[in-house]
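Have a look at the structure below before the remarks.
For clarity, every value in this text was computed on a predicted model and none was experimentally measured. We number each residue from 1, following the sequence as shown.
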Amino acid sequence: MIFLTVKTGANDEAQRARIDAAVRSHGGHIRWHTSLRASRSYGLVELPEGWSEAAAAAAAAAAGAIAFDSPVIALAVFPTVAEALPSLLDVLGGRGRPDGVVSCEPCDGGIVVEWDLQRTGAGVVLGTIDVELARFHSGRTAELLTPLAPGWIAKIAADGLQAAEMSSGQVLEDLIERAGLHA
């Protein structure tokens, strides 16, 4: 399978339906997550082998989505101390940001950071957020905005558990989804 991520506004069901139709016409399917608080929707596009990431991204963009040429992780972070927001935006969106960060934008009461897990691990991004928030004695809530490709779930789990040999067949969430038991 070829995986990539697309992004739209949160309230545009018609646009998501056009994107769904475009993806289906190419033999693929898409899983969506919509966040009203972050005012956006992300979709994980799965297309059969034979597609290039660039061609798949172009097809999704033609249907009106912002398309990334690979899967990205998008995380909304809402600090408990509002004064931390400008600093988070600067650290994750400005010069010197972690290499894989694609975008860092404000949303209602927080930020949305998008990054390429192949270039920068989740621990680096989350660690950067937590170090910056600690300067303000701030906690946080977070919302994962993107459905994740199965291999990425395994990579995040393996990194967190420091178990490089872990595969997607060993991650409970992936096994539940493959069995069709997810909500």
Side-chain angles (χ1 to χ4, degrees), residues 2-13 15-16 18-20 22-23 30-47 52-136 138 140-149 151-153 155-156 159-160:
I2 302 270
F3 294 98
L4 66 116
T5 302
V6 296
K7 174 173 65 171
T8 69
N11 295 318
D12 198 342
E13 290 184 33
Q15 182 183 33
R16 286 193 301 277
R18 286 191 305 275
I19 296 164
D20 285 340
V23 168
I30 187 167
R31 287 185 293 146
W32 289 100
H33 176 81
T34 298
S35 171
L36 297 178
R37 185 170 183 194
S39 299
R40 57 198 79 202
S41 294
Y42 287 88
L44 178 66
V45 177
E46 299 178 42
L47 290 167
S52 73
E53 284 87 353
I66 296 170
F68 302 91
D69 60 2
S70 65
V72 298
I73 294 177
L75 183 72
V77 178
F78 304 98
T80 57
V81 176
E83 290 78 15
L85 285 172
S87 184
L88 279 175
L89 283 167
D90 184 51
V91 167
L92 292 168
R95 292 174 42 107
R97 70 183 175 267
D99 177 55
V101 173
V102 176
S103 172
C104 182
E105 301 171 348
C107 68
D108 185 25
I111 63 162
V112 174
V113 60
E114 301 167 343
W115 78 94
D116 180 340
L117 186 61
Q118 293 173 328
R119 292 174 37 208
T120 302
V124 171
V125 174
L126 294 171
T128 301
I129 291 167
D130 288 341
V131 164
E132 199 59 30
L133 291 178
R135 291 183 41 220
F136 294 88
S138 177
R140 65 173 163 88
T141 58
E143 178 183 357
L144 179 63
L145 302 176
T146 47
L148 298 178
W152 285 41
I153 295 169
K155 179 172 177 31
I156 292 168
D159 289 350

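Summarising the geometry, atom CG belonging to Leu75 is positioned 8.0 Å from atom CD1 belonging to Ile111; distances are rounded to the nearest 0.5 Å. A distance of 5.0 Å separates OG1 in Thr120 from CG in Asp99, rounded to the nearest 0.5 Å. With rounding to the nearest 0.5 angstrom, the CD atom of Glu13 is 10.0 Å from the OG1 atom of Thr8. Rounded to the nearest 0.5 angstrom, Arg18 CZ and Asp12 CG are separated by 6.0 Å. To the nearest 0.5 Å, the span separating NE2 on His33 from OG on Ser41 amounts to 8.0 Å. Residue Leu145 holds its CG atom at 11.0 Å from CZ of Arg37, rounded to the nearest 0.5 Å.
Around CG of Asp108, the count of heavy atoms belonging to other residues, nucleotides or ligands within 6.0 Å does not exceed 12.
In terms of heavy-atom proximity, Ser87 sits nearest to Arg135 at OG-NH1, 3.3 Å. Nearest heavy atom pair, residue Leu92 against residue Val101, reads O-CG1, 3.1 Å. Between Phe136 and Glu83, the closest heavy-atom pair is CE2-O, 3.6 Å. Minimum heavy-atom separation, Pro79 to Ala84: CB-CB, 4.3 Å. Heavy atoms only, all atoms of each residue included: Val23 and Ile30 are closest at CG1-N, 4.3 Å. Here the shortest heavy-atom pairing between Ala74 and Tyr42 reads CB-CZ, 3.4 Å.
Contact of the Ile73 side chain with the Trp115 side chain is registered, since non-hydrogen atoms from C-beta on lie closer than 4.5 Å.
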Steps toward side chain to side chain contact (heavy atoms under 4.5 Å, CB included) verdict (Leu88, Leu133): CA-CA 8 Å; Leu88 279 175; Leu133 291 178; 3.7 Å; yes

Verdict with supporting geometry, Val125 and Val113, side chain to side chain contact (heavy atoms under 4.5 Å, CB included): CA-CA 9 Å; Val125 174; Val113 60; 4.2 Å; yes

Trp32 and Asp20: CA distance, side-chain angles, deciding distance, side chain to side chain contact (heavy atoms under 4.5 Å, CB included) verdict: CA-CA 10 Å; Trp32 289 100; Asp20 285 340; 2.7 Å; yes

Side chain to side chain contact (heavy atoms under 4.5 Å, CB included) between Asp130 and Arg140, worked out: CA-CA 8 Å; Asp130 288 341; Arg140 65 173 163 88; 2.6 Å; yes

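Between the side chain of Ser138 and the backbone N or O of Thr80, at least one donor-acceptor pair lies under 3.5 Å. A donor-acceptor distance shorter than 3.5 angstrom exists from the side chain of Arg31 to the backbone of Leu148, with no hydrogens or angles considered.
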